[in-house]
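I have placed the structure first, in the form of C-alpha cells, so that the comments after it can refer back to it.
Heavy-atom basis, side chains included; hydrogens, waters and symmetry copies ignored. Not measured: the values here are computed from a predicted model. The sequence lines fix the lettering, A, B, ..., with proteins before strands; numbering per chain opens at 1.
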Number of protein chains: 2
Amino acid sequence: MISEKISQIKKFYYKHKRLPSYAEMLKIFGLSSKKSIYDIVYKLIDVGLLKKEGKKLAPTTKFFSLPVLGLVKAGFPILADETRDYLSLDDYLIEDPQSSFLLRVSGDSLVEVGIFEGDYVVINKTKTAYPGDIVLAEIDGEWTLKILRKDQQGSPYLQPANPRYPPLYPKLKLDIFGIVKAVIRKLRN
Amino acid sequence: MISEKISQIKKFYYKHKRLPSYAEMLKIFGLSSKKSIYDIVYKLIDVGLLKKEGKKLAPTTKFFSLPVLGLVKAGFPILADETRDYLSLDDYLIEDPQSSFLLRVSGDSLVEVGIFEGDYVVINKTKTAYPGDIVLAEIDGEWTLKILRKDQQGSPYLQPANPRYPPLYPKLKLDIFGIVKAVIRKLRN
DNA sequence: TAGTATAGTAAACATTTGTTCACTTTGTCA
DNA sequence: TGACAAAGTGAACAAATGTTTACTATACTA
C-alpha cells in the first residue's frame, strides 16, 4: 500500500528534517533491492509528494501541507482526495523568515480584534505600516502592541481594541517597529 | 561573514525544501574548493543550525525557528542572541500531521473566544474531547464548530461563543469529529 | 614589518548515490 | 489452472558525494 509508505517517509522527515536516502528507505520499508525503492520514489513523484531537481530528491509543498476543508452547512466537510486544497503553515504564515519574529502577547488591550493574552503574533519588521494595521510600536519610550490610526491632521496614534483602554497619543515620539502579519493561538496540549 | 552564508542557505532551503549539496553551495557562495564548503558546514554545525547523521546533513530545529520575544513593558523586547527561545510553527502547531487538517471558519458563532470568520483552525481527529474544548461536531445531521459542554445530567450539548446565538441541544445525536488544537489568522498580504 | 592565524585553492580518494538491466516471486481473476 | 500484471531481487554502473591532504593567498595584530 502506497499510503503506508507515504506515512513512513513523512515520519522520517518530521524526525530527521530531511528525506531518507534509498539505503535508508530500504530499511524503513523492509526491502532489499534499490530498484524497489526507485519504483516507489517515482510513484510518489507521480502523486505529487516528491520532486526531482536534477538527481536531487525533494519534497513538494504538498508534502508538508494539511488538507483544507470548507465547512459546508449540511453535509460533512469534504475530506479525502476530493479536496485539492492544501496549506503549509510555515509557508503560509511566514513569507519572510529573515525579517520576522514571534512575540508572545501580554495584556488584553486587543481582545476585540481576537488577540488574547498568551497568543503568538508574527511580526514583520520590514513592511510599511498603514492605518488599521496592528503594529509593534514604541510610544514615548514604551513598547506596545496596538492598532495604528491617524487623526484628522494625519498624525499617527495608537488605539487599543478594548473599550476599557483609551487611545494613546504620542507626547514625544511614536516609532513603528513592525506590523503584525498573523495571530497564532494554541488551545490544548 | 557567516551570517550571510546562513541567510543564503536558508533562502535555498525555503525555495527548494532541502539543503544544498556541496557542489550547489560552491555556486551559492561563489567559491571554488569543496574544502571551503566543508569548513563552512562545520561552522554551521558548531553554531547549531545544521547537524550530521552519519554522512547526511540535515537542518536542526533552530534552523527553522523564529526568535520569540517577550514584551517587556519598559524597554525593547530583547532581540539578538540574548534570546534562546526559538519556535518552529509547523512543529508547534501540528503535533500529529497524519490526523490533522485545517478548517476555514465560516460564521461568527465563536467571536468571544477569538475565532473569526476566515480564520483557520487546526483540527485533530484522534484526541478525546472534554467539556470546554472547541469541537467540530455533527449535531442532528448538521456540521458545526462550537464549544462542547455538559449539562447537569452529563449530556453533551454545543455552546456558541456569541450572545446572539443559543446553545444547541441535540435532538437525535451529537457526534464529535475532532477538537480544535490551534487558531490561525493572517492579517495582511 | 614580520609573524601568524584565517580563508581559500586544487587535486586525489573511497563511499554512496541514483539508475539500469535481466530475472524471479507474488497475487489476481477470468 | 493458467496467464498476466504488479512487486521485488541482485548485480553492475557512472556520476556525484563528502572527506582528506598539502599548499597558497589574504588579512590581522603585535
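Note on ring orientation: taking the six-membered ring where Trp is involved, the planes of A/Tyr38 and A/Tyr42 are tilted (angle from 30° to 60°).
Between A/Arg149 and A/Pro131, every side-chain heavy-atom pair lies at or beyond the 4.5 Å cut-off. Inter-residue side-chain proximity for A/Arg164 and A/Asp108 is flagged as met; some heavy-atom pair is nearer than 4.5 Å. No side-chain heavy atom of A/Leu136 sits less than 4.5 Å from a side-chain heavy atom of A/Lys125. Using a 4.5 Å heavy-atom threshold, the side chains of A/Thr128 and A/Ile176 count as separate. Residues A/Pro59 and A/Leu49 have side chains not in contact (no heavy-atom distance under 4.5 Å, counting atoms from C-beta outward). B/Val121 is not listed as a side-chain neighbour of B/Ile134, based on a closest heavy-atom distance of 4.5 Å or more.
The nearest heavy atom of DNA chain C to A/Leu57 and to B/Ile40 marks one nucleotide each, and the one closer to the 5' end goes with B/Ile40.
As rounded to whole Å, 17 Å separates atom P of C/dA5 from atom CG of B/Asp39.
Ion pair A/Lys43/A/Asp39 not flagged as a salt bridge, since none of the NZ, NE, NH1 or NH2 atoms sits closer than 4.0 Å to an Asp/Glu carboxylate oxygen. With respect to B/Asp96 and B/Lys181, no salt bridge is recorded, no charged nitrogen being found less than 4.0 Å from a carboxylate O. A/Lys15 and B/Glu53 are not joined by a salt bridge, as no carboxylate oxygen comes within less than 4.0 angstrom of a charged side-chain nitrogen.
Between B/Ser32 and the phosphate of C/dG8, there is no side-chain N or O to OP1/OP2 separation shorter than 4.0 Å. Taking 4.0 angstrom as the limit, A/Lys5 places none of its side-chain polar atoms (N or O) nearer than this to OP1 or OP2 of D/dA7.
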What does the list of N/O pairs under 3.5 Å between the protein and nucleotides 20-22 of chain D look like, with a distance for each?
unit_1 : atom_1 : unit_2  : atom_2 : d
D/dT20 : OP2    : B/Tyr38 : OH     : 2.8

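Contacts with DNA chain D (heavy atom under 4.0 Å) in residues 10-27 of chain A: none are found.
Among the heavy atoms of the strands, none lies under 4.0 Å from A/Phe29.
The distance from atom CD1 of B/Ile9 to atom CZ of B/Phe63, rounded to the nearest 0.5 Å, is 6.5 Å.
Axis angle between the ends of the helix from C/dT1-D/dA30 to C/dA30-D/dT1, five pairs each and rounded to 10 degrees, works out to 30°.
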